[in-house]
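Keep in mind the model is a prediction, meaning the values are calculated, not measured.
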Amino acid sequence: MSSYSIERAPAGGSGAGANSHFSQSNYVPPHLRNRPSPTEQPAAPISYAGAAFGNDRQGYGGQPGGGIRNGGPWSDVNGGGRGGGGWNNRNNGWDRGREREVNPFQEDVNTDPELGTEENTRINFDAYEDIPVETSGDNVPPPVNTFADIDLGDALNLNIRRCKYVKPTPVQRHAIPIAISGRDLMACAQTGSGKTAAFCFPIISGIMKSNISVQRETRMPRMAFPLALILSPTRELSIQIHEEAKKFAYQTGVRVVVAYGGAPINLQLRELERGVDILVATPGRLVDLLERARVSLQMIKYLALDEADRMLDMGFEPQIRRIVQQMDMPPPGLRQTMLFSATFPKEIQRLAADFLSTYIFLAVGRVGSSTDLIVQRVEYVLETDKRSHLMDLLHAQRANGVQGKQALTLVFVETKKGADSLEHWLCMNGFPATTIHGDRTQQEREYALRSFKSGTTPILVATDVAARGLDIPHVAHVVNFDLPNDIDDYVHRIGRTGRAGKSGLATAFFNENNSSLARSLSDLMQEANQEVPAWLSHFAVRSSNGGRNRRGGGSGGRFGGRDFRRDSSFNRGGTDFYGGPHINSGYGGPSGGYGGGYGSNVTSAWD
DNA sequence: AAAAAAG
């Protein structure tokens, strides 16, 4: 039997040095990784060398490959050796001097300056002021107004500045203090609300602050012991979370590794062997890795499940339960768990009850529900007219576009076949398009996404694989060529535009085949102050399907979910719920942030 | 019914 202890080496090992300090291990805990590397030897106790850090990294803003030693523009922040316990200047002592941590911010410099017009990049913070936020639970830590209000550590704060995040989004304002205080969290929030940072910041900060040391299982030297696990439903979302997490963890010494299917497993295995603190994964590939005994979950201290409702929709519940409950992961209470979900149906409630320990419930209003950031249009289009109608839209858009450029347009269709044939047809007709769906190889999918993002093929035809979570900046227009059957899917799809406070356009092609969606669609549009065409209202009346497709049925109202503990036997002593929810709205007061106001180039922490 | 995810 292996028991869990944060400070101790994994039990059941060979008995070598099972105490709280690392000894002859390959593993260098993050808080010790800022030491100079002693040549090629496995990390052995080294005397602390003060501020003389070997900063063998690529200099920020420098030429690729032009390594700068401890002299980059940030060396003032980085080389100070100040603060207790070597808080900053964690460098990758990891690699024992060999591997360079690629600067994840480099690629962002000069990306698509054309697309970043004044209008597009200015953040519409005001539009979010009235996003409702609801928290409930025992002793909820108060929200913060700036990132600086929380002690995330210098290195992380620096990366927040590098990301140009000025002030926290509503979900971050609430979730970060909750998570920092060690509490479990069930959060109802959409992608685009800033979730990724909301769970990454506390994890990275926690790993840096803790003195967790992992004793490698000497009989299984190839087994990886991540401290944090982030599960997400699709490969692309995992890739995206990984990319963001790498930015947040840059030069913190915290290592982030991603594992997902469809890609060569050997590369991922090699990455894992180099050490991993935060593992981002899709469920299938992780189960594979666990079965191969290449990953152990017994050191997991943080577990984050992103888009949990989506994962259940996709039938991942068995895999997820296997990973969380039937492997060697510490139970609730001995780990910190954060569950994110756009909706809160019964299955998610069960998951929350099983995975979380006296958690805090947080619901953030739908982005766009109370604003006009996304202009929604519905047009009546017969199946046979859809293609020519799309063509008209694209022509008009090109004519209105900047320098005759096609604005990025995401076209959702129902089937994989339909995606392929529409892509082909668009290309034939002079509209550079590509497609992303589950029948394409992972390589093709990633290539398509890159080609779209870069504007090489400004039209992307997609199935629902791209509906949720994917952050593609600058998507100007989402076309629901085929409407989904579920209104939540619709919300997710149109959420691919109007991101980061930018405005966006969503056009839907509606006909008889979509009548089941009429009611919920017209309700949703009404709620978002959109113009609802009269004919759609007629459809809505005619197809009174008892509100089966209406939002909020059963699983919650406008927040996409309620804390069910207050509805049922979870009440203590029959009294009311824990003292009632605290209703907060938007940002309270002005932001101290990082000073400097918001220039036109400021991106926000929304994504 | 279709889509996604482990090969």
Reading 5' to 3' through nucleotides 1-7 of chain B, protein heavy-atom contacts under 4.0 Å coded B for base, S for sugar-phosphate only, - for none
BSSBBBS
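For the salt bridge (Lys or Arg N to Asp or Glu O under 4.0 Å) test, residues two or more places apart in sequence or in another chain that qualify with E317(A) are R321(A). Take H395(A) and apply the ring pair (Phe, Tyr, Trp, His ring centres under 6.0 Å) test, not counting sequence neighbours, and it matches F431(A). In this structure, the ring pair (Phe, Tyr, Trp, His ring centres under 6.0 Å) partners of F481(A), at least two apart in sequence or on a different chain, are F509(A).
Counting only residues at least two apart or in different chains, ring-ring contact (aromatic ring centres under 6.0 Å, His included) contacts with residues 437-465 of chain A are absent. The stretch residues 417-437 of chain A participates, sequence neighbours left out, in no salt bridge (Lys or Arg N to Asp or Glu O under 4.0 Å) pair at all.
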